[in-house]
Amino acid sequence: MTQLSTQPYKGTRDFFPADMRFREAMFAVMHKTVQSYGFEQIDAPIIEPIDIYLAKTSEEIVSQQIYSFTDRGERKVAIRPEMTPTVARMVAARFQETPKPIRWYSIPNVWRYEQPGKGRLREHWQLNCDIFGAPSEKLADLELLNLAIDLMRGYGASESHFKLYLSHRGILNGVLGGELKLPQEKWPAVARIMDKRAKIKPEAYAAMLAAEGVGEDKRQELDLFLNEKLDYIKKKSHLEGASYILETMQSLEEIGLSAYVEYDPSVVRGFDYYTGLVFEVFDAHPDNRRSLFGGGRYNNLVGAFGKESTNAVGFGMGDVTLEDFLRTHKLLGDVPRKVDLYIALMSDDFAPHAMNLANTLRGRGLRVEVSLGATKLGKQFQEAEKKAIPRVLILGEDEVKSGVYSVKTLATGEQVKLKATEI
RNA sequence: GCGGUCGUAGCUCAGCUGGUAGAGCACAGGUUUGUGGCACCUGGUGUCGCGGGUUCAAUCCCCGUCGAUCGCCCCA
């Protein structure tokens, strides 16, 4: 039999204690921030019937990037590539009995079969925050944008670290379909080219557009749309979403968030189910201008589950890109172990006494590690040192008899005698 | 999916134009028996990613494959 590999499956990660501490520290900010807005946590199975992705997730994801199989009962199932359809399913299931608006979040692991690269793995964890059934869609959008920015601030990031770019699906659709009079089947290709505009040469840009039926005059209109940004939609107030963006930008300024936000006409996002607001948060670092996470409004998804239709808006924030961001900007580094006291044993015979003492201290909230073998004292000190445990209690004959313990603080070398209640 | 780079002890790597391998760190033990961080001593493993080929001989050359990484495509 050949040696089994210790490597995790391609594009996935093992989480050793140090990795786990980092991940939990990231998640802790998520839980804290999101709960401070009244969001409630949910979870769901990692496997879903594949149908729930067929209708609304993008064609690309379903046909090429989904892990799917047929189970023993001939059911076609998929490992979730994203959480949104699941959340929509759960909302639809309990819609009537749940007080509106619904604010739910989750931190699921999601899977995509794709080429692993920087910031992209096959399995990652993704904070999902969604609001359903708000009386005012605009207010729900505002709160979600506020939350997205607050999350970043929760990690200590400021406007110099990231920027949130927002747009509205209706504007792009209106420009492509109305102003440029392009047939709808050309929209995705043109949107892709727009996305590349900054990276490619102007001639190449023009040539690619021409290939999609966007000639000289139409290209100039498109450039106006992309370059003039807010001024453009001020002129074209008839476009769906134009006044929405202007008003939202105004509100964001009143909330004091305008430093973090910009209107960017080229924000599109890949999912087919978006119907209104779309946004993406980018790393502001010059050599790392990558999308960190994003979201948008998807009003038609819940209705696909047959119950009542409801408005919905949400975003997903992945742990891989977030970790890159936090480490690049040194906003969150390695997280130390958190044990308060190490009890060293002079003899294994004192172990019951040690465990008893440890239980008492744990009852007071201390984290205590008891030595699991009376090796040389020096060894036990080294163990505590390596595990970054700040204090060591020495348990020998004298201590057991007197109930007064020698406790040494490793950082200072200071050693004092304490009763159990004083530790 | 395409191209570049890489894959040697637990980790980071060295190995000069092919002659079956080393360093640092880490780890374990010790420098005599109730005290760590320093220093010194001692110790071990590597099918040199995997499979095949060329060669008297391959870690080093060739092909394939798996994985990592960077760029592109795609995507978010």
Side-chain angles (χ1 to χ4, degrees), chain A residues 1-14 16 18 57-66 81-84 110 112-122 124 126 128 165 188-189 191-193 195-196 199-200 204 208 266-274 278-283 287-296 315-322 324 342-347 350 371 374-401 405-417:
Chain A
M1 183 173 170
T2 52
Q3 183 78 45
L4 294 171
S5 172
T6 58
Q7 285 185 337
Y9 170 71
K10 177 172 180 163
T12 66
R13 296 159 291 168
D14 289 327
F16 290 96
T57 303
S58 79
E59 170 63 25
E60 160 84 14
I61 288 173
V62 172
S63 62
Q64 292 173 33
Q65 300 196 335
I66 212 165
E82 55 151 340
M83 192 63 171
T84 304
V110 296
R112 287 194 193 170
Y113 194 88
E114 62 182 340
Q115 192 60 243
K118 188 170 173 61
R120 330 183 44 171
L121 296 174
R122 289 185 170 182
H124 74 286
Q126 190 184 56
N128 278 255
Y165 297 96
R192 256 198 304 280
I193 298 166
D195 198 43
K196 289 200 181 98
K199 300 183 203 166
I200 59 181
M208 288 170 79
S266 63
V267 172
V268 182
R269 298 200 49 85
F271 294 124
D272 296 339
Y273 48 61
Y274 287 120
V278 285
F279 73 92
E280 276 186 71
V281 174
F282 275 78
D283 192 335
D287 6 298
N288 193 41
R289 266 197 97 264
R290 288 192 306 141
S291 175
L292 294 169
F293 68 99
F315 66 77
M317 179 190 218
D319 72 315
V320 180
T321 45
L322 178 62
D324 272 358
Y342 181 90
I343 298 183
L345 293 176
M346 293 310 303
S347 159
F350 304 142
S371 169
T375 53
K376 285 189 178 178
L377 246 200
K379 288 285 156 211
Q380 298 186 65
F381 268 89
Q382 282 176 6
E383 183 185 337
E385 179 80 22
K386 279 173 201 150
K387 291 182 168 179
I389 302 173
R391 294 196 300 164
V392 175
L393 181 149
I394 300 157
L395 193 63
E397 205 171 339
D398 300 345
E399 285 82 1
V400 171
K401 278 181 185 160
Y405 307 97
S406 301
V407 179
K408 184 168 186 174
T409 303
L410 293 182
T412 61
E414 181 190 9
Q415 185 163 319
V416 292
K417 298 219 176 232

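Labels below follow one simple rule: chain letters A, B, ... track the order of the sequence lines, proteins then strands, and each chain is numbered from 1. Side chains are part of it too, since the values below use all heavy atoms of this structure and drop only hydrogens, waters and symmetry mates.
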Distances under 3.5 Å only, N/O to N/O: pair up the protein atoms with those of nucleotides 5-10 of chain B.
none

Would you mind classifying the nucleic acid contact of [X] as base, sugar-phosphate or nothing, using non-hydrogen atoms under 4.0 angstrom?
X	result
A:E383	nothing
A:E280	base
A:G296	nothing
A:G316	nothing
A:K10	sugar-phosphate
A:A388	nothing

Quantified in whole Å, what is the [atom1] atom distance between nucleotide [N] and nucleotide [M]?
N	M	atom1	value
B:U32	B:U47	C1'	42 Å
B:C27	B:C72	P	41 Å
B:C70	B:A28	C1'	39 Å
B:G19	B:A57	C1'	6 Å
B:G52	B:U12	P	28 Å
B:U45	B:G37	P	27 Å
B:U54	B:U17	P	25 Å
B:C63	B:C25	C1'	37 Å

Mind checking who [N] pairs with, Watson-Crick or G-U wobble, both distances under 3.5 Å?
N	result
B:C61	B:G53
B:A28	B:U42
B:G22	B:C13
B:G7	B:C66
B:C48	none
B:C74	none

Got a second to check how far A:Q380's CD is from A:L395's CG, nearest 0.5 Å?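 Here the rounded value is 10.0 Å.
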A:I394 side chain reached by A:Q415 side chain, heavy atoms, under 4.5 Å: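 Yes. Closest side-chain heavy atoms under 4.5 Å.
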With the side chain counted from C-beta on, respond yes when A:V110 and A:P81 share a heavy-atom pair under 4.5 Å apart, and no when they do not.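 Side-chain contact under 4.5 Å: no.
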Evaluate the ring planes of A:F315 and A:F293, with Trp represented by its six-membered ring, and classify them as parallel (under 30°), tilted (30 to 60°) or perpendicular (over 60°).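 A:F315 vs A:F293 ring planes: tilted.
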Please determine whether a side-chain nitrogen or oxygen atom of A:K118 lies at a distance below 4.0 Å from atom OP1 or OP2 of B:A68.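 Indeed not, no polar side-chain atom of A:K118 lies that close.
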May I ask you to verify whether the side chain of [X] and the base of [N] hold a donor-acceptor pair under 3.5 Å?
X	N	result
A:K379	B:G36	no
A:E385	B:G36	yes
A:Q380	B:U35	no
A:E399	B:G34	yes

Between [atom2] of [N] and [atom1] of [X], the distance in whole Å:
X	N	atom1	atom2	result
A:R120	B:A76	CZ	C1'	7 Å
A:L410	B:G36	CG	P	11 Å
A:D319	B:A76	CG	P	19 Å
A:Y113	B:C75	OH	P	19 Å
A:L377	B:G36	CG	C1'	10 Å
A:Q382	B:A26	CD	P	11 Å
A:Q415	B:U35	CD	P	10 Å
A:K386	B:U35	NZ	C1'	15 Å

Tell me the closest heavy-atom pair linking A:Y342 and A:S371, and the distance in Å.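 Looks like OH-CB, 3.3 Å.
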On a heavy-atom basis, which atom in A:F350 and which in A:E397 lie closest, and how many Å separate them?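 That closest heavy-atom pairing would be CE1-N, 3.6 Å.
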Evaluate the side chain to side chain donor-acceptor pair (under 3.5 Å) criterion for residues A:T409 and A:E414: first the C-alpha distance (whole Å), next the side-chain angles of each, then the deciding distance (0.1 Å), finally the verdict. CA-CA 5 Å; A:T409 303; A:E414 181 190 9; 4.9 Å; no
When the nearest nucleotide of RNA chain B is assigned to A:F381 and to A:T12 on a heavy-atom basis, which residue is associated with the more 5' position?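 In this pair, the answer is A:F381.
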Taking for each residue the nucleotide of RNA chain B bearing the nearest heavy atom, is the 5' side occupied by A:D398 or by A:K376?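 The residue whose closest nucleotide sits nearer the 5' end is A:K376.
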Looking at A:E114 and A:R120, does any basic side-chain N land under 4.0 Å from a carboxylate oxygen?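 Looking at A:R120 together with A:E114, the answer is yes, because their closest N to O distance falls below 4.0 Å.
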Below 4.0 angstrom, N of the basic side chain to O of the carboxylate: do A:R13 and A:D319 qualify?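 Yes, charged N to carboxylate O under 4.0 Å.
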Between B:G36, B:C27, B:A76, which one does the side chain of A:S291 approach most closely?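 Selected nucleotide: B:A76.
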Tell me whether the guanidinium CZ or amine NZ of A:R122 lies under 6.0 angstrom from the six-membered ring centre of A:Y113 and within 45° of its axis.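 Here A:R122 passes the 6.0 Å and 45° test against A:Y113.
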